[in-house]
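Below: one structure, written as structure tokens.
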Amino acid sequence: HMLQRLRPAVLDSMGLSDALLSLCEQWQESAGVLCDYTSDPLPTHLDDYVCVTLYRLLQESLTNVARHAQAQKVQVHITWQATQGLHLSVQDDGQGMLSPEANHAGFGLLGMRERVLSLGGHLQLQSAPGQGFHVLVTLPLVAA
């Protein structure tokens with residue numbers, strides 16, 4: 001059970017692209033919030049840590065939407081460019097917040113920031129009251 005918590009088994013059984021889609025579909029069903037998922041074709045031989053990190057970042061972002069946003073819809077978009085790496089965008093239409101960068105009260109955003117920094121990536125949070133919350137992640141591409 002502990003190993004499954006550290007590394008989602010769906011990454012092995014489904015691959016990254018299908019695991020991310022499945023995560024969004026399951027989350028939509030349990031949260032009752034529409035989740036619009038789009039993704040570029042992702043490289044098949046990504047570093048295992050990058051795959052786990054991307055999965056966990058999306059998982060935490062969706063968890064935050066369900067807990068805090070009071071959203072009706074969330075849009076998840078993943079892009080990949082060989083020269084620029086992976087980009088994850090998670091944007092909801094919820095209540096937003098005054099200063100997302102200053103809000104470090106929870107361990108979720110802190111954990112996300114640490115995961116992104118461990119790969120030399122960049123995490124940007126954008127929000128305003130009544131305008132939703134937008135998580136933007138850039139991860140450099142690391143081949144296995």
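Worth knowing before you read on, the calculation uses all heavy atoms, side chains too, and leaves out hydrogens, waters and symmetry mates. The shown structure was predicted, so the numbers you read here are calculated from the model rather than taken from an experiment.
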What's the shortest heavy-atom distance between [X] and [Y], and which atoms?
X    : Y    : value
Y37  : C24  : CD1-SG, 3.5 Å
R113 : L125 : NH2-CD1, 3.9 Å
S22  : M14  : CB-CE, 3.8 Å

Can a donor-acceptor pair be found, under 3.5 Å and without considering hydrogens, that links the side chain of [X] to the backbone of [Y]?
X    : Y    : answer
T63  : Q59  : yes
D92  : G132 : no
Q95  : A69  : no
D93  : K73  : yes
S127 : G96  : no

Taking side chain as C-beta onward, heavy atoms only, is [X] less than 4.5 Å from [Y]?
X    : Y    : value
L136 : L88  : no
L21  : E25  : yes
V65  : W27  : yes
T53  : V137 : no
V135 : Q124 : no
P43  : L46  : yes
D36  : V74  : no
P129 : M97  : no

Please lay out, stage by stage, how L20 and V76 fare under the test side chain to side chain contact (heavy atoms under 4.5 Å, CB included). CA-CA 10 Å; L20 295 174; V76 175; over 6 Å; no
[atom1] of [X] to [atom2] of [Y]: how many Å apart, nearest 0.5 Å?
X   : Y   : atom1 : atom2 : result
Q28 : L62 : CD    : CG    : 10.5 Å
S39 : W80 : OG    : CH2   : 11.5 Å
L42 : D18 : CG    : CG    : 10.0 Å

Positive for side chain to side chain contact (heavy atoms under 4.5 Å, CB included) with V52, one of L11, L57, L16, D47: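 Exactly one pass, corresponding to L11.
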Applying side chain to side chain contact (heavy atoms under 4.5 Å, CB included) to R115 and L119, what does each step give before you reach the verdict? CA-CA 7 Å; R115 285 180 187 272; L119 287 169; over 6 Å; no
Say whether H134 and S89, considering side chains only, have a donor N or O and an acceptor N or O under 3.5 Å apart.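 Checked: H134/S89 side chains pair up, N/O donor to acceptor below 3.5 Å.
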Report the residue from T79, T138, D40 that forms a side chain to side chain donor-acceptor pair (under 3.5 Å) with H87.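 Single pass found, and it is T138.
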Would Y49 end up clustered with L58 when hydrophobic side chains under 4.5 Å apart are linked, directly or stepwise?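 Yes; L58 is reachable from Y49 via cluster members.
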